[in-house]
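To keep things clear, I will list the structure first and then write my remarks on it.
Numbers for residues simply follow the sequence, beginning at 1.
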Amino acid sequence: MGDLTEMTVAAPAKINLSLDVRGRRPDGYHELDTVFQSLALHDTVILRPARTGIEVVCDSREIPCGPQNLAYRAAAVGQKIYGVDHGVHIILQKRIPVGAGMGGGSADAAAVLQALPTLWGLPALPEERLHALARELGADVPFCLLGGTARGRGIGDLLEPLPPLTGLEVLLVKPAVCLSTAEVYARLDPARIVHPEMGAIVEAICRRDLLTLGRLAGNVLEAPAREMAPEIEEIKAALRAAGAAVALMTGSGPTVFGLAEEPGWALRVAEGLHKPGWTVIATKT
Ligand code: ATP
């Protein structure tokens, strides 16, 4: 084992600046076309080497700490790939709302996967290998390894980095309800999908043209998610009224984000945006 006694890693949240579902694959996954954006908001993952075994502790009661935890599973994958029985003690300080479409579990898994070799004093894995392991853990994990701004196709794992859209103000609003990703997809009616113009959306992102992005951005999972969480529409309207250039649901929801250029916008709007059950977080890209 290595000499490190502890590593602290930030695991950033993501939002989807647009999300299209292009079809369903024989393996049950959906074919996506999306643009991921990582945020300053992050979980903190603390790793300590242990002689053997995997232990996860977490400051949120909402998530399981055993083998269902994605951080635990990432550590198990690490043990298997390196063929070692080195142990790890993982402390998760959750700040990314759970089941919110912000990829919190995927972010934690990516952080563990990336940190383990250093913690254990082992050589880093080749990038392609790391990417393949990440993909097995979850469709969003490869992006969490990459970070920044990227278009994701395939199941979200075929990534094309874009010029990073840094320093934008982001206001996240999550209504009280948590949505199951599987249920949102189950309610998606392929005949009624209005596909966003991903090519033009990507061009707008590359030009940092928020006005055009605001006009074109779309998430096809919003319609089915709204059936279960009608507040999504109310939040979008509130964010637009508060000056957001873009207001959209992220992932399979129910969190809605607003984007703006004006420094301090997110904090200022957050102060006036309260409703019982809403979680409001001001952050940046
Ligand atoms: P996605 O958008 O990637 O589908 P999400 O952002 O909506 O996911 P997560 O916060 O990743 O949702 O959690 C989804 C589920 O995964 C939760 O029900 C939770 O119990 C489980 N889970 C497992 N490990 C973790 C983890 N480390 N952090 C958060 N949730 C986890």
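Residues A282 and L267 approach most closely at CB-N, 3.8 Å, considering heavy atoms. Across P254 and L179, no two heavy atoms sit closer than the pair CB-CD1, 3.9 Å.
The shortest distance between side-chain heavy atoms of E160 and R153 falls below 4.5 Å. I90 is not listed as a side-chain neighbour of V57, based on a closest heavy-atom distance of 4.5 Å or more. You'll find the side chain of Q79 stays beyond 4.5 Å of the side chain of T52, heavy atoms only.
Within a 6.0 Å sphere centred on CD of Q93, heavy atoms belonging to other residues, nucleotides or ligands number more than 12. Shown here is E127, whose CD atom has no more than 12 heavy atoms of other residues, nucleotides or ligands within 6.0 Å.
Remark: P164 pairs with T149, T166 by the side chain to side chain contact (heavy atoms under 4.5 Å, CB included) rule, at least two apart or across chains. Here Y29 pairs with R25, D27, I155 under the side chain to side chain contact (heavy atoms under 4.5 Å, CB included) rule; sequence neighbours left out.
Using bins of under 30°, 30° to 60° and over 60° for the plane-to-plane angle, the ring pair W120/Y82 lands in the perpendicular bin.
For the atom pair F143 CZ and L159 CG, the distance stands at 7.5 Å (nearest 0.5 Å). Considering NZ of K14 and CG of L146, their distance stands at 14.0 Å, rounded to 0.5 Å.
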*Would L273 and L239 satisfy side chain to side chain contact (heavy atoms under 4.5 Å, CB included), going step by step from the backbone distance to the final call?*
CA-CA 9 Å; L273 207 68; L239 288 171; 4.2 Å; yes
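Other residues sharing a hydrophobic cluster with V246 under the 4.5 Å side-chain heavy-atom criterion for ILVMFWY residues are I15, L17, V35, L39, L41, I96, M102, L162, L165, L168, V170, L172, M198, I201, V202, I205, L210, L213, L216, L248, F257, L259, I281.
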